[in-house]
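Presented below is the structure to which this report refers.
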Amino acid sequence: MNVLTIPSQPFSDQRPGTSGLRKKVKVFQTPHYLENFVQAVFDTQTDLKGGTLVLGGDGRFYNREAIQIILRMAVANGVQRILVGQGGLLSTPAASCVIRKYQTDGGIILSASHNPGGPEEDFGIKFNTPNGGPAPEAVTEAIFSRTQTIERYLTTDSDPLDLDTKGSYSIGAATIDIIDPVEDYAALMKTLFDFDRIHQLFNSGHFSMRFDAMHAITGPYAKQILENMLGAEPGTVINGKPLEDFGQGHPDPNLVHAHEVVKLVSGPKGVNFAAASDGDGDRNMILGHDFFVTPSDSLAVMAANAHLIKGYADGIRGIARSMPTSQAADRVANQLGLTCYETPTGWKFFGNLLDADKITLCGEESFGTGSNHVREKDGLWAVLFWLNLLAVKQQSVESIVKQHWGDFGRNYYTRYDYEGIDKSAAEGLMDHLRNLLPTLPENNLEQYQVEFADDFAYTDPVDGSRSEHQGIRIGFTDGSRIVYRLSGTGTEGATLRIYLEAFEPDPSKQMMPTADVMQPLVSISTSLAEIEARTGRNRPTVIT
Ligand code: G1P
Ligand code: ZN
């Protein structure tokens with residue numbers, strides 16, 4: 001085997017977004033494009049030299065080729081040991097688990113999460129630090145800045161490795177271990193949840209569920225854990241075989257894209273419980289019979305009931321939610337005498353809080369929940385948490401959530417996404433809102449009185465780092481809110497997200513259709529931002 005030094009030149013567009021570098025597959029296939037980014041990781045994360053790297057992805061189109069490229073580069077850059085998921089597969093939370101368990105020097109995860117896959121679709125890459133979490137901004141900025149001066153990368157002339165057979169292989173001085181992608185993760189889940197109790201629930205004869213893996217990475221994980229270990233009936237997991245194009249679907253677990261499982265949990269023949277996960281297995285959607293649990297409520301319910309779950313029986317240290325996530329978790333934290341941290345969008349902001357033991361649970365409105373067990377959000381973990389809760393409480397999902405609203409009040413919640421709009425129109429719209437901010441406080445917007453209006457900025461309480469311009473927040477005196485921000489994960493044009501929340505403390509008014517309750521906030525938020533005039537859109541692309 002020979003190490004080769006290949007001359008290269010910078011690409012200007014390699015700054016990672018909310019969650020790593022995401023581009024069309026075609027962009028990643030541009031000669032040297034993937035290689036430059038990977039070399040920038042090796043050039044800046046110097047502990048990898050002589051260290052251990054975890055490598056895997058969500059199995060989407062180009063995953064296998066990218067793994068072979070990165071393996072050769074890792075060897076050439078002096079990485080001593082590389083742990084690769086069999087078939088090149090590792091869900092994002094499982095990668096985080098493996099990075100932590102074997103005390104490695106970090107991992108490279110190949111995924112564009114919930115974005116569609118295929119030759120014309122999306123691909124992505126991100127580096128996770130030794131704590132198992134997505135690299136914080138200081139690290140992603142260092143990687144980006146290295147990509148801007150890069151003039152060569154290192155690789156080898158070694159043959160492609162057989163990714164499908166478990167075992168230990170050598171290339172040059174490096175050892176490559178092809179590991180079972182599910183085993184370590186499943187073992188961790190067993191320490192957190194009462195598997196016997198969940199097993200009893202599945203065997204009780206009056207409980208059944210469906211889990212939609214959406215042809216993505218969680219299929220093998222869900223089959224092993226739900227069907228093989230917990231005794232759920234065969235067929236509980238649907239769309240369980242990971243496909244390179246996710247069956248041409250959009251592997252995003254929400255009511256729109258996961259409609260197949262929504263059907264199975266609806267109507268007289270519907271099952272008691274259903275869930276879905278996304279492309280790389282970190283998102284989740286939780287459904288009861290004819291009942292949708294908003295991700296914001298899911299976090300709040302988990303926090304309020306964590307003491308009932310084995311892994312959290314000693315209580316939780318604190319909670320964190322991303323800024324646009326509803327304030328339902330704040331109400332629980334308040335009652336438990338805990339802090340609820342409000343962080344910018346993106347899981348990387350939870351890492352320091354988890355490492356410093358300031359929080360145990362965290363979540364985002366974008367179908368992400370997680371805990372200190374790994375440093376990524378974790379789809380299947382959330383499903384197991386709910387299953388454990390159902391087994392302990394012997395109540396339906398609906399009655400658990402309604403009881404929660406009765407105790408804490410209900411935060412009605414909805415999100416409007418305007419996808420693929422013109423970039424400069426989107427930026428103009430945000431500037432317009434920013435200019436309006438000083439005029440808003442103490443004003444009335446229809447029946448709502450503005451309590452605060454700002455451009456959200458966050459100072460990390462652990463390392464003091466500051467992140468500005470993280471979204472426009474308008475808070476009203478009754479606890480309702482409007483939030484605007486531009487997506488940092490899209491690969492085409494801009495996506496404007498509007499997050500709306502209305503608080504209802506009165507149990508007699510907590511069973512209204514969400515769309516009705518939100519109507520006044522919808523009209524205020526669209527007219528304030530001049531959506532139609534600025535974007536030419538008179539309705540959002542997706543409402544969740
Ligand atoms: C979206 C979500 C965000 C999540 C991220 C990665 O980012 O809104 O909560 O952390 O995907 O899954 P956005 O496109 O809004 O920047
Ligand atoms: Zn994801």
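Ligands are counted one by one from 1 in listed order, and the atoms in each one are counted from 1 as well.
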Heavy-atom proximity to [atom], best of [options]:
atom	options	value
atom 6 (C) of ligand 1	E376, E365, K377, K348	K377
atom 15 (O) of ligand 1	E419, R485, R283	R485
atom 3 (C) of ligand 1	D417, D252, T495, T345	T345

Which N, O or S atom of D280 lies nearest to the Zn ion (ligand 2), by name
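For D280, the N/O/S atom sitting closest to the Zn ion (ligand 2) is OD1.
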Given ring pair (Phe, Tyr, Trp, His ring centres under 6.0 Å), test Y185 with Y221 step by step and report yes or no.
CA-CA 8 Å; Y185 177 83; Y221 293 84; 5.6 Å; yes
Sub-3.5 Å N/O-N/O distance, R497 and ligand 1
yes
Please state which part of S487 comes within less than 4.0 Å of ligand 1, counting heavy atoms only: side chain, backbone, both or neither.
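Contact part for S487 vs ligand 1: both backbone and side chain.
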Salt bridge or not for [X] and [Y], using N-O below 4.0 Å?
X	Y	value
K126	E376	yes
E141	R15	yes
E365	R415	yes

Counting each atom of ligand 1 from 1 as listed, which ones have a heavy atom of [X] under 4.0 Å away?
X	value
S366	2 (C), 3 (C), 4 (C), 8 (O), 9 (O)
E364	3 (C), 4 (C), 9 (O), 10 (O)
G488	13 (P), 14 (O), 16 (O)

Does R22 make a cation-pi contact with F28 (under 6.0 Å, within 45 degrees of the axis)?
no
Decide whether a cation-pi geometry holds between R410 and Y412; the criteria are a distance under 6.0 Å from NZ or CZ to the six-membered ring centre and an angle within 45° of the ring axis.
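That pair qualifies as a cation-pi contact.
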Enclosure of E530 CD (heavy-atom neighbours >12, cutoff 6.0 Å):
yes
Got a sec: does the NZ of K190 have more than 12 other heavy atoms crowding it under 6.0 Å?
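At most 12 heavy atoms, drawn from other residues, nucleotides or ligands, come within 6.0 Å of this atom.
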Less than 4.0 Å is my threshold; does some heavy atom of G346 fall inside it relative to ligand 1?
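Within the 4.0 Å threshold, so yes.
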Opening angle between OD1 in D282 and OD2 in D278, taken at the Zn ion (ligand 2), to 10 degrees:
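OD1 of D282, the Zn ion (ligand 2) and OD2 of D278 span an angle of about 90°.
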Taking both backbone and side-chain atoms into account, decide whether S113 has an N/O/S atom under 2.8 Å from the Zn ion (ligand 2).
yes
Looking at atom 7 (O) of ligand 1, what's its closest protein heavy atom, distance included?
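So the nearest neighbour among protein heavy atoms is T489 CG2, 3.4 Å.
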Backbone N or O of A222 within a donor-acceptor pair of the T218 side chain at under 3.5 Å?
no
